[in-house]
Amino acid sequence: MADVLHYQVRDGVAVITIDNPPVNALSPAVWERLDELVARANADAAAEAIVVIGAGTTFIAGADIKVFDTLRTREDSLKRSGGTHALLKRIEDSAKPLVAAIHGNALGGGLEVAQACHFRVAVKDAKIGQPEVMLGIIPGAGGTQRLPRLCGAELALTMCTDGKPVPAPKAMAAGIVDQIVDGELLSGAITYAKARARAGDRRKTREIPHGVDQVAAGLNACSAMRESLKKTAKGLHAPFAAVDAIEAGLRSDFDAGSIREREIFAGCVVSTESKALRHLFFAEREVAKVPDVPKDTPTKDIQRAAVVGAGTMGGGIAMNYANAGIPVLLKEVDQAALDGGLATIRRNYEITMSKGKMTRDQVDKTMALITPTTSYEGFDQVDIVTEAVFENMTLKKTTFAELGTVTRPDCILASNSSTLDIDQFAQASGRPGQVLGHHYFSPANVMKLLEMVRGKATRKEVIATSLKLAKKLNKVGVVVGNCFGFVANRMLAYYMREAYLLLEEGASVPQIDRVLTDFGLPVGPFGMQDIAGIDVGARIRQYLASIGKTRAEGPQSAIPDRLYEMGRYGQKTGAGWYAYDAPGSRNRTPDPLIEQLAEEEAKKRGIMRKPITDEEIIARITTALANEGARVLDDGFATRASDIDVVYVYGFGFPRYRGGPMFYADTVGLPTVVARVKEYRARFGDYWEPAPLLERLVSEGRGFYTSVSDTAISSV
Ligand code: T1G
């Protein structure tokens with residue numbers, strides 16, 4: 001096995017290079033070797049100082065996250081962190097000046113190693129940070145104790161609670177970094193280290209005292225941070241835990257603070273919140289790996305794009321291209337519709353500008369990349385076209401037939417359809433190999449998910465190019481199969497079915513929405529439908545009825561169609577599941593009409609309405625999602641369960657700290673999920689049928705992600 005650290009003496013300075021690709025993560029071997037080589041350097045007469053640097057593109061990007069899965073208990077964690085803390089004190093006690101030379105990222109444990117060094121130098125574009133809260137943990141290698149001593153409690157609190165990286169120049173100004181190296185990093189670091197040695201400088205971060213005023217100010221900052229986290233960190237535990245650890249360090253000496261940090265860390269690392277967030281860390285990276293589309297599949301560079309349809313979705317999609325610096329044609333059937341679409345786009349940019357996130361100049365330059373048109377002129381120059389016309393099969397097929405004649409043979413033809421059969425568009429275009437779905441989520445310029453629907457004939461190069469494009473558009477691209485509703489909306493149909501039925505059985509719209517938002521979703525099912533438009537769902541049901549299908553097995557509530565017939569489409573019409581102050585307003589109030597409709601429909605179905613518990617609502621909805629998700633996997637329309645979790649986290653805002661609907665089902669326990677499906681079948685009917693995959697996993701004592709040994713993840 002290749003050595004993960006290298007040692008050399010250059011110009012009288014010992015250079016320790018961490019070489020553990022791809023991101024120099026602190027695996028157990030790296031920790032061990034670092035300890036050894038710092039000791040070796042101190043014993044090496046040829047070295048007057050020591051530099052620690054990363055090989056490749058980055059310094060250390062943190063502890064090896066995979067290791068945390070081996071920490072089953074708090075005790076496991078305490079034992080391991082005890083070793084780490086002692087190791088960092090040993091290197092901090094280096095007799096020779098120890099300099100961390102930072103390029104790329106110094107994150108988490110990587111920054112903590114740098115903090116235990118006596119000095120830190122960095123190149124200008126380096127980033128440093130404590131992103132542990134993004135993984136549901138806190139800095140566990142002394143960061144909550146050393147960082148405040150370097151930059152003060154306030155910045156340390158921000159860095160440890162929002163997890164965002166800080167650019168090196170800002171870290172320099174804050175006292176974390178001691179010098180920005182302009183030229184080549186290693187020689188700059190060696191020069192700096194030699195100067196420290198000549199000056200006899202060593203500075204142990206843990207010995208930098210907290211001044212009395214700093215402690216007082218720091219404690220105030222802790223209380224203020226807790227207050228603001230109540231708004232910004234709803235449902236999360238780790239950010240509050242980071243404040244507790246920093247506060248402990250302000251109230252006691254380094255050693256006592258470190259013990260407190262280790263205890264708090266141990267509690268976090270075994271929590272379901274952390275397991276869920278670690279699961280998503282890797283799941284977000286796995287989605288880009290499509291089994292039969294190898295990493296070296298040739299891709300095309302998308303330099304020019306076009307969008308057909310300037311409605312809400314088309315306009316948002318065009319903004320994605322323009323935001324990525326890609327010139328885009330935006331086509332509409334007539335000038336009026338085009339002007340309407342452009343006005344919405346400009347309004348969106350004006351709002352962003354009013355929030356200080358764009359300058360006037362940036363708005364004008366970005367808008368200039370969007371070329372409005374009412375013809376196909378110029379379409380023969382583009383690399384990709386995204387169709388975003390009305391969700392109507394005939395209209396879409398006509399559009400694809402036209403696109404097949406006005407674009408180059410190698411142009412990618414993508415559809416923003418949210419439900420319809422991609423293969424039919426592909427056939428209509430005359431070049432099915434170039435066709436796939438690019439299903440954006442509303443608002444398309446905001447939501448990060450891009451569901452990429454693979455047709456029977458979609459070429460691998462088109463898939464690979466789309467995955468690369470997704471990164472360029474700052475989207476999370478997930479490749480899914482071509483079934484009705486694909487993954488996102490196919491499962492959503494079961495989520496909505498249960499919401500409608502729970503309403504008819506006795507729950508209320510505000511209750512159901514409150515329960516789901518308390519669960520962590522940004523909006524409940526009814527609030528969401530009022531935003532997306534009740535008419536959209538109605539037209540899909542009409543299309544399905546025309547081909548003899550429904551969106552989900554089981555009883556179909558008539559309430560949404562009755563609202564549609566009343567012209568209650570939601571926010572845009574000023575009434576839907578809620579009443580709104582005016583069309584377009586977001587201010588809503590519960591509408592007694594909905595209760596009346598629920599009473600009427602319940603009577604028609606012979607149901608006695610009764611109070612429904614919040615627990616029942618969560619259980620029914622999450623069970624429906626997990627069961628249908630298992631079917632999607634069984635049918636092969638998703639590659640991995642974790643892809644489904646990524647779809648729901650990025651498409652619908654399913655709470656990250658619950659890991660997504662499939663991970664959540666594992667935390668509940670699949671035996672319980674199957675038992676619930678069977679209970680509902682007995683109570684409501686055969687349309688509740690356990691997915692074969694669910695039954696298989698339970699019979700093998702497994703979960704979607706867990707093997708026999710650790711099925712019992714401590715429930716949320
Ligand atoms: N551990 C294990 N694997 C990691 C890793 C890590 N820390 N970071 C990245 N990888 C893998 C990743 O899964 C992918 O693998 C490959 O490296 C490239 O990553 C003690 C407790 C550094 C900004 O949270 O944010 O330190 O898919 O695709 O876009 O207090 O990776 O190729 O097989 O993301 O260039 C804190 C996590 C850990 C930083 C680079 N550190 N990493 O982004 O590449 S906790 C973090 C990142 C800790 C201490 C605590 C990003 C990156 P594969 P990538 P990238």
Side-chain angles (χ1 to χ4, degrees), residues 4 18 20-31 34 54 56-71 76-78 80-88 102-116 125-147 156 159-167 238 241-242 245-246 258 261-262 264-271 274-275 277-290 294-295 467-468 470-472 474-477 640 642-643 646 656:
V4 289
I18 298 165
N20 184 26
V23 294
N24 294 327
L26 290 158
S27 62
V30 170
W31 280 118
L34 180 64
T57 60
T58 187
F59 187 69
I60 303 167
D64 185 337
I65 299 168
K66 294 192 189 74
V67 170
F68 299 139
D69 290 344
T70 65
L71 305 175
D76 290 350
S77 170
L78 286 167
R80 179 177 287 274
S81 64
T84 308
H85 278 240
L87 184 160
L88 287 169
I102 301 170
H103 71 302
N105 294 292
L107 302 175
L111 181 57
E112 289 167 300
V113 166
Q115 289 167 31
D125 60 1
K127 291 200 174 62
I128 65 149
Q130 302 282 179
E132 285 88 347
V133 285
M134 317 290 238
L135 300 167
I137 51 180
I138 68 168
T144 66
Q145 304 306 306
R146 287 192 172 87
L147 190 60
M159 289 175 66
C160 294
T161 54
D162 71 11
K164 295 199 180 105
V166 171
I246 290 174
S258 297
E261 176 194 283
R262 291 176 46 217
I264 294 171
F265 179 89
C268 289
V269 79
V270 294
S271 70
S274 181
K275 289 174 183 167
L277 292 170
R278 292 185 334 243
H279 156 69
L280 284 173
F281 177 85
F282 291 110
E284 284 156 9
R285 284 154 182 82
E286 283 301 300
V287 285
K289 301 168 188 167
V290 179
K295 235 183 174 168
L467 285 164
K468 192 171 114 191
K471 271 204 167 152
K472 196 168 181 182
N474 195 21
K475 301 290 182 189
V476 176
R640 290 154 285 239
S642 60
D643 288 11
V646 170
R656 294 182 63 84

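Whatever order the structure lists ligands and atoms in, that order sets their numbers, starting from 1. Keep in mind that what you see is a predicted model, and the values were worked out from it rather than measured.
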Student: Using a strict cut-off of 4.0 Å, indicate which atoms of ligand 1 neighbour a heavy atom of Gly62.
Tutor: 26 (O), 41 (N)
Student: Report the part of Leu26 (side chain from C-beta onward, or backbone N, CA, C, O) that has a heavy atom under 4.0 Å from ligand 1; answer both or neither where that applies.
Tutor: neither
Student: Heavy atom of Glu112 under 4.0 Å from ligand 1?
Tutor: yes
Student: To which protein heavy atom is atom 7 (N) of ligand 1 closest, and what is the distance rounded to 0.1 Å?
Tutor: Ala63 O, 2.9 Å
Student: Is it the case that ligand 1 has an N or O less than 3.5 angstrom from some N or O of Ile65?
Tutor: yes
Student: So is Pro139 in contact with ligand 1, going by heavy-atom distances below 4.0 Å?
Tutor: yes
Student: Under 3.5 Å, N or O to N or O, is Phe68 touching ligand 1 that way?
Tutor: no
Student: Could you name the option among Pro21, Gly109, Pro131, Pro165 that has the heavy atom nearest to atom 26 (O) of ligand 1?
Tutor: Gly109
Student: Rounded at 0.5 Å granularity, tell me how far CG in Leu280 sits from CZ in Arg285.
Tutor: 10.5 Å
Student: Answer side chain, backbone, both or neither: which part of Asp64 comes under 4.0 Å from ligand 1, heavy atoms only.
Tutor: both
Student: For the side chain of Arg640 and the backbone of Glu286, is there at least one donor-acceptor N/O pair under 3.5 Å apart?
Tutor: yes
Student: Throw together a table of side-chain donor-acceptor distances under 3.5 angstrom for residues 102-110, partners on residues two or more places apart or in other chains.
Tutor:
unit_1 : atom_1 : unit_2 : atom_2 : d
His103 : NE2    : Gly56  : O      : 2.8
His103 : NE2    : Thr58  : N      : 3.3

Student: For atom 9 (C) of ligand 1, which protein heavy atom lies nearest, and how many Å away is it?
Tutor: Val23 CG2, 3.5 Å
Student: Could you tell me the residue and atom name of the protein heavy atom closest to atom 16 (C) of ligand 1, and the distance to it rounded to 0.1 Å?
Tutor: Pro22 CG, 3.5 Å
Student: Of all the heavy-atom pairs spanning Met159 and Gly129, show the shortest one and how long it is.
Tutor: CE-CA, 4.0 Å
Student: Can you tell me which residue and heavy atom of the protein come closest to atom 52 (C) of ligand 1, and the distance to 0.1 Å?
Tutor: Asn105 ND2, 4.4 Å
Student: To the nearest 0.5 angstrom, please state how far the CG atom of Asn24 sits from the OG1 atom of Thr57.
Tutor: 7.5 Å
Student: Among protein heavy atoms, which sits nearest to atom 19 (O) of ligand 1, and what does the distance come to when rounded to 0.1 Å?
Tutor: Arg285 NE, 4.0 Å
Student: Within the 4.0 Å heavy-atom shell around Phe282, which atoms of ligand 1 are there?
Tutor: 13 (O)
Student: Would you check if the side chain of Arg656 reaches a backbone N or O of Leu277 as a donor-acceptor pair within less than 3.5 Å?
Tutor: no
Student: Does Lys127 NZ have over 12 foreign heavy atoms under 6.0 Å away?
Tutor: no
Student: Rounded to the nearest 0.5 Å, how far apart are NZ of Lys66 and CZ of Phe282?
Tutor: 4.5 Å
Student: Just by modelled atom types, is the Ala141 backbone N or O under 3.5 Å from a matching donor or acceptor in the Glu112 side chain?
Tutor: yes
Student: Around atom NZ of Lys472, are there more than 12 heavy atoms from other residues, nucleotides or ligands closer than 6.0 Å?
Tutor: yes
Student: Tell me if a side-chain donor or acceptor on Arg278 pairs with a main-chain N or O of Val269 at a distance below 3.5 Å.
Tutor: yes
Student: So, regarding Glu132 and ligand 1 (criterion: nitrogen or oxygen to nitrogen or oxygen, under 3.5 Å), is there a contact or not?
Tutor: yes
Student: Counting only non-hydrogen atoms of the protein, does one fall under 4.0 Å from atom 54 (P) of ligand 1?
Tutor: yes
Student: Got a sec, which residues hit side chain to side chain contact (heavy atoms under 4.5 Å, CB included) with Lys471, two or more places apart in sequence or on another chain?
Tutor: none
Student: Which bit of Gln130 gets closer than 4.0 Å to ligand 1, counting heavy atoms only: side chain, backbone, both or neither?
Tutor: neither
Student: Tell me, which protein residue and heavy-atom name are nearest atom 22 (C) of ligand 1, and how many Å apart are they?
Tutor: Ala61 CB, 3.5 Å
Student: Say you draw a straight line from CD1 of Ile137 to CD1 of Ile65; how long is it, rounded to the nearest 0.5 Å?
Tutor: 7.5 Å
Student: So, Arg146 and Glu261, do they make that salt bridge, N to O below 4.0 Å?
Tutor: no
Student: Tell me: protein heavy atom nearest atom 32 (O) of ligand 1, and distance?
Tutor: Lys289 NZ, 4.2 Å
Student: Please check atom 43 (O) of ligand 1 for a protein heavy-atom neighbour under 4.0 Å.
Tutor: no
Student: What do you reckon, does Gly140 have a nitrogen or oxygen under 3.5 Å from a nitrogen or oxygen of ligand 1?
Tutor: yes
Student: Identify, by atom number and element, the atoms of ligand 1 in contact range of Leu135, meaning under 4.0 Å from any of its heavy atoms.
Tutor: 24 (O), 38 (C), 45 (S)
Student: Measuring to protein heavy atoms, does anything land under 4.0 Å from atom 29 (O) of ligand 1?
Tutor: no
Student: Would you mind running through ligand 1 and noting each atom that sits below 4.0 Å from a heavy atom of Ala141?
Tutor: 30 (O)
